[in-house]
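All residue numbers refer to positions in the sequence shown, counting from 1. Start at 1 and go down the list; that is how both ligands and their atoms are numbered. Values below: all heavy atoms of this structure, side chains included; hydrogens, waters and symmetry mates excluded.
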Amino acid sequence: MELELESIKKPVILSGVTPSGILTIGHLAGAITNWVKLQEEFECFFMIADLHAITVRQNPAELRKRTLETAAMFIAIGINPEISTLFIQSHLPEHSQLTWVLNSIAGVGECNRMTQFKDKSKQHSENVNVALFDYPVLMAADILLYQSDLVPVGEDQKQHLELTRNLAQRFNHHYSDTFKIPEPYIPKLGARIMSLQEPDKKMSKSDPNQSATIFLTDSDNEIKNKIKRAVTDSGSEIKFSNDKPGISNLITLMHLATNKRISEIENMYVDKGYGVFKTDVADAVANYLRPIRERYLELINNKQELIDILTKGEENARRIAAKTLRKVYKKVGFVQF
Ligand code: TRP
């Protein structure tokens with residue numbers, strides 16, 4: 001069915017992700033499984049934010065590859081293109097167009113206060129460009145184009161959502177009611193997966209030690225070897241506790257992979273050593289990730305299906321975005337025939 005603004009009955013959620021590399025099992029546990037569940041309850045728009053990506057230096061071939069890989073991974077993980085809209089930001093010029101209009105009401109002072117801009121300006125001091133400064137306004141355009149009710153955001157993006165709300169209110173006040181004022185959606189906290197090598201640190205895709213991180217593209221053997229080599233704690237008890245960060249992390253992984261409760265897992269391994277437990281966790285995680293990886297590879301190796309999904313996503317998104325933009329253009333006084 002074609003999506004129209006008037007026919008949307010559920011609250012609208014929009015979320016974006018910058019295509020910045022292969023996802024890990026930490027992303028899956030922390031956020032993405034939540035998104036998969038949100039699809040039932042909300043009208044969801046998931047966007048690959050390639051316009052945002054170029055605010056820092058990118059290798060064009062890499063960006064192109066990662067954009068498609070990120071989209072494929074989202075589908076593999078369970079974003080269902082039949083019920084949600086998955087699209088690539090640059091496919092909709094409306095995002096850039098609305099940014100320009102919002103730029104005209106955004107203050108240089110308020111953009112200057114964005115802590116992410118300050119942090120990234122330091123991190124990329126050789127390339128502090130105007131797009132990096134404008135990043136939060138583009139994000140506001142993403143959100144406001146779809147008349148979003150809710151935006152799932154992490155700590156680091158909260159200030160950008162606050163700016164979005166201010167810009168929406170300012171526009172509505174200055175012209176007339178146009179944008180819905182979005183609220184932050186704080187998802188239930190997912191499990192936090194720690195590094196397999198230093199279990200008091202969060203698992204990270206950019207850890208220089210490759211055996212610390214399970215990537216969603218890792219083969220069965222890579223997964224199993226990483227888990228078998230995971231750092232464990234002294235003692236021999238399989239117990240979830242603060243003084244056992246290594247074993248606790250493996251229990252969390254087992255819980256993620258099998259849906260068994262923590263206490264149930266502990267009970268299963270009373271009097272069994274670390275060796276048996278690790279082998280079981282390795283098998284469980286490999287079994288859990290296998291269908292995701294297989295679906296991912298299928299999409300990456302047969303681009304046509306991926307192209308069809310993203311084209312349909314683009315068309316759905318455009319119907320909503322174009323309507324909002326048309327309203328905005330009219331209100332600010334652009335001539336329309
Ligand atoms: N800036 C977000 C991030 O880095 C990604 C993003 C772009 C986004 N546009 C968005 C998130 C709109 C939520 C809503 O995580």
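Between Tyr135 and His160, the ring-plane angle classifies as tilted under the 30° and 60° cut-offs.
Here is the list of ligand 1 atoms found below 4.0 Å of a heavy atom in His52: 7 (C), 9 (N). Near Leu14, meaning under 4.0 Å from one of its heavy atoms, ligand 1 places the atoms 12 (C), 14 (C). Listed by number with element, the atoms of ligand 1 under 4.0 Å from a non-hydrogen atom of Val151 are 13 (C), 14 (C). Proximity to Ile143 (heavy-atom distance under 4.0 Å) selects the following atoms of ligand 1: 12 (C), 14 (C).
For Gln89, no nitrogen or oxygen atom sits less than 3.5 Å from a nitrogen or oxygen atom of ligand 1, counting backbone and side chain alike.
For Phe87 and Tyr146, the gap between ring centers is short of 6.0 Å.
The closest approach between a heavy atom of Thr18 and any atom of ligand 1 is below 4.0 Å.
Residue contacts with ligand 1, taken as heavy atom pairs separated by less than 4.0 Å, do not involve His160 at all.
The pair Arg170-Glu110 meets the salt-bridge criterion, with a side-chain N (NZ, NE, NH1 or NH2) lying under 4.0 Å from an Asp/Glu carboxylate O.
Residue, atom and distance of the protein heavy atom nearest to atom 9 (N) of ligand 1 are Asp142 OD2, 2.7 Å. At the top of the distance list for atom 1 (N) of ligand 1, counting protein heavy atoms only, stands Tyr135 OH, 2.7 Å. Of the protein's non-hydrogen atoms, Gly16 O, 3.4 Å is the one closest to atom 5 (C) of ligand 1.
Counting heavy atoms of neighbouring residues, nucleotides and ligands inside a 6.0 Å radius, atom CD1 of Ile54 does not exceed 12 of them.
Residues Leu145 and Ala321 come closest through the heavy atom pair CD2-O, 3.5 Å. Across Arg319 and Glu4, no two heavy atoms sit closer than the pair CD-OE2, 3.2 Å.
Within the 4.5 Å cutoff, the side chain of Leu28 has no heavy atoms near those of the Leu23 side chain.
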